Amino acid sequence: MAPIISVQNLSKTYGTGRKALNGVSLDIMGGEIFALLGPNGAGKTTLIGTICGLVNPTGGTVTVDGHDIITDYRAARELIGLVPQELHTDAFESVWDTVSFSRGLFGKPKNPAHIEKVLRDLSLWDRKDSKIITLSGGMKRRVMIAKALSHEPQILFLDEPTAGVDVELRKGMWEVVRALKATGVTIILTTHYIEEAEEMADRVGVINHGELILVDEKSALMQKLGKKQLKLHLDAPIDTVPPQLAAYDLALSDDHTKLIYTYDTRAEHTGITALLGDVRAAGIRFHDLDTSQSSLEEIFVSLVRA
Amino acid sequence: MNWRAIRAIYLFEMARTWRTLMQSIVSPVLSTSLYFIVFGAAIGSRIDQVEGVNYGSFIVPGLIMLSVLTQSVANASFGIYFPKFTGTIYEILSAPVSFLEIAVGYVGAAASKSILLGLIILATAGLFVPLHIAHPVWMFGFLVLTSVAFSLLGFIIGIWADGFEKLQVVPLLIITPLTFLGGSFYSISMLPPVWQTIALFNPVVYLVSGFRWSFYEIADVNVGVSLAATFGFLLACLAIVWWIFKTGYRLKA
């Protein structure tokens, strides 16, 4: 399948001399949910801004469905809906008017039925006649999503979509995103909430200091980089890790009732068999054990620190 | 052309006009009425005719121009500055629209408002002084050209401004003096010779002169020159707007 967005060697140096993007190359496939992770100032917003036309690139090219974003910007931009990170909304317009305005701006003929559907999906229908200034922050965020969806884009950029949104609404937004994906819309989101990427994304890209450190399938990424923990629930608490087990990467839980063994799933030998044998030899008895996979967040932190 | 986008921007801006009807229409009409009372009735009664036209009537074209220029610049600059200030400009920049379409939408709305305002002031003036319009079509033509040219200028100022202060400074420090010194209240021929020459560098002289000619067939400069100067100014503004969107000056990072 040909990528719907192809970023080639994209660079951006701001007037201040700050390099926000440093030779980023990335292909986004049609219909996928791609999560862009990275610490503040990593270049996530600059990357999105460049693709959407808010930032002039210093070098490199971007094509959207084969259309260059500079020379063929109309065709490229028509396909894209953008929800920026900051809450930028009109104040005195009604929800209905502002969303209809967006549709017109993108050159689409009026379609009240579509606007109604978008507003209903985002639970904004009963506030359609309210002035935006009277809405809560979460509602304003949804108004921005409604504006981005007003012209039926094939690609949706969500820059920190759930910042400042309560848990229930966040879940609701995830459902909207999934429903969009089901209709074939490609979604690129940046997020602070790693669980959001973990929950939603098909692929994950990690960006830091303007460089794309890694792009991979979420599941492959977690498998590749994931550490696992084995917890042994002890019959009786112990004071310290016995010296004969010192060779293992072991820790004792705070309440001294669990031995925690961290191992790498990528390693050829996880060492579990040997560990269990040595635990037994040390005379430690346990009544239960469980294993847990490290979260994307831990993977992410270890990557960014590296 | 993305006509739907032009329409969307235009209607959006016009909706703002209707929402702020008081400050957009009522206050300029009120201040113009005050001018008529002060200059037309009170002081004007002591001034004889100027070039064969009674003073109250003589200042009508100048007064309309004064309001149209100020309001064109104020409206158009605010119209584009406000989305920059609130951040909603992101949507315009990410939309499939060209610089021309954006400018036509914003400037068209600001100019429409100015034209409307000019006609309202004209009607108001009719209540105070006898009016005679020798060339109504030319009168309207000059009104439209001036509204568009100065709305373009306002649009440029709105993009250039990075604070509300700058938004105020240009109209206050440049437009108002140029208009007052542009022959709104007098004929350039009433000035000392040196100042007559200096006045020819003031673009507003050409606007007011041409506009007044369409009323009373009296002009400080040839009407053809007026027309050419107005067109030239408009083209210069268009070129600047084109450059702004080409380079993303003050719009794109």
Side-chain angles (χ1 to χ4, degrees), chain A residues 12-16 18 20 45-46 48-58 64 67 69 72-94 97-98 100-110 131-133 144 147-148 150-151 153 157 159, chain B residues 1-24 78-106 108-109 159 162 164 242-253:
Chain A
K12 174 64 187 177
T13 308
Y14 284 106
T16 55
R18 193 172 71 82
T45 302
T46 303
I48 288 183
T50 309
I51 298 171
C52 295
L54 307 185
V55 177
N56 284 332
T58 316
V64 178
H67 306 287
I69 56 156
D72 196 6
Y73 67 95
R74 272 186 212 271
R77 290 184 196 171
E78 268 171 13
L79 301 171
I80 297 177
L82 166 66
V83 183
Q85 187 173 344
E86 311 280 334
L87 275 180
H88 298 311
T89 56
D90 298 314
F92 304 108
E93 284 70 22
S94 71
D97 285 349
T98 199
S100 303
F101 166 77
S102 301
R103 187 175 170 87
L105 196 61
F106 278 76
K108 287 278 162 66
K110 284 190 175 178
K131 284 185 176 179
I132 299 164
I133 199 168
M144 290 176 66
K147 281 166 81 71
S150 67
H151 63 278
F157 282 92
D159 198 356
Chain B
M1 283 292 260
N2 185 346
W3 292 105
R4 291 196 183 96
I6 296 177
R7 184 172 174 277
I9 295 174
Y10 182 85
L11 292 180
F12 181 92
E13 282 297 294
M14 289 312 277
R16 194 166 61 80
T17 305
W18 306 133
R19 266 203 315 276
T20 55
L21 202 62
M22 278 303 273
Q23 73 235 48
S24 336
F78 190 79
I80 188 71
Y81 177 74
F82 201 61
K84 264 181 32 174
F85 177 72
T86 60
T88 53
I89 189 88
Y90 84 85
E91 198 177 23
I92 307 278
L93 294 177
S94 67
V97 292
S98 69
F99 89 91
L100 191 66
E101 290 151 0
I102 298 173
V104 168
Y106 277 103
I159 288 173
D162 49 14
F164 278 102
W242 176 81
W243 175 82
I244 284 174
F245 279 89
K246 177 130 181 101
T247 59
Y249 172 76
R250 293 269 164 112
L251 285 175
K252 294 188 187 191

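Each chain gets a letter, A, B and so on, in the order the sequences are listed, and its residues count up from 1. Keep in mind it's a predicted model, so treat the numbers as computed, not measured.
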Can you say whether Ile92(B) sits under 4.5 Å from chain A via the side chain, the backbone, both, or neither, judging by heavy atoms? both
Considering only heavy atoms and a distance below 4.5 Å, find which of Gly15(A), Gly81(A), Cys52(A) pairs most often with chain B. Cys52(A)
Test side chain to side chain donor-acceptor pair (under 3.5 Å) on Thr50(A) and Lys12(A) and set out the steps. CA-CA 9 Å; Thr50(A) 309; Lys12(A) 174 64 187 177; over 6 Å; no
Report which part of Glu86(A) has an atom under 4.5 Å of a heavy atom belonging to chain B: side chain, backbone, both, or neither. neither
Glu101(B)/Arg74(A) ion pair, N-O < 4.0 Å: yes
Does the separation of the ring centres of Tyr106(B) and Tyr10(B) fall below 6.0 angstrom? no
Do Thr46(A) and Tyr14(A) have a side chain donor and acceptor closer than 3.5 Å? yes
Relative to chain B, which of Glu78(A), Met144(A), Glu93(A) shows the most heavy atom pairs under 4.5 Å? Glu93(A)
Among Leu82(A), Leu105(A), Thr89(A), which residue forms the greatest number of heavy-atom pairs with chain B at distances under 4.5 Å? Leu105(A)
Give, as side chain, backbone, both or neither, the part of Thr247(B) having an atom under 4.5 angstrom from any heavy atom of chain A. backbone
Does Glu91(B) come within less than 4.0 Å of Lys147(A), counting only side-chain N to carboxylate O? yes
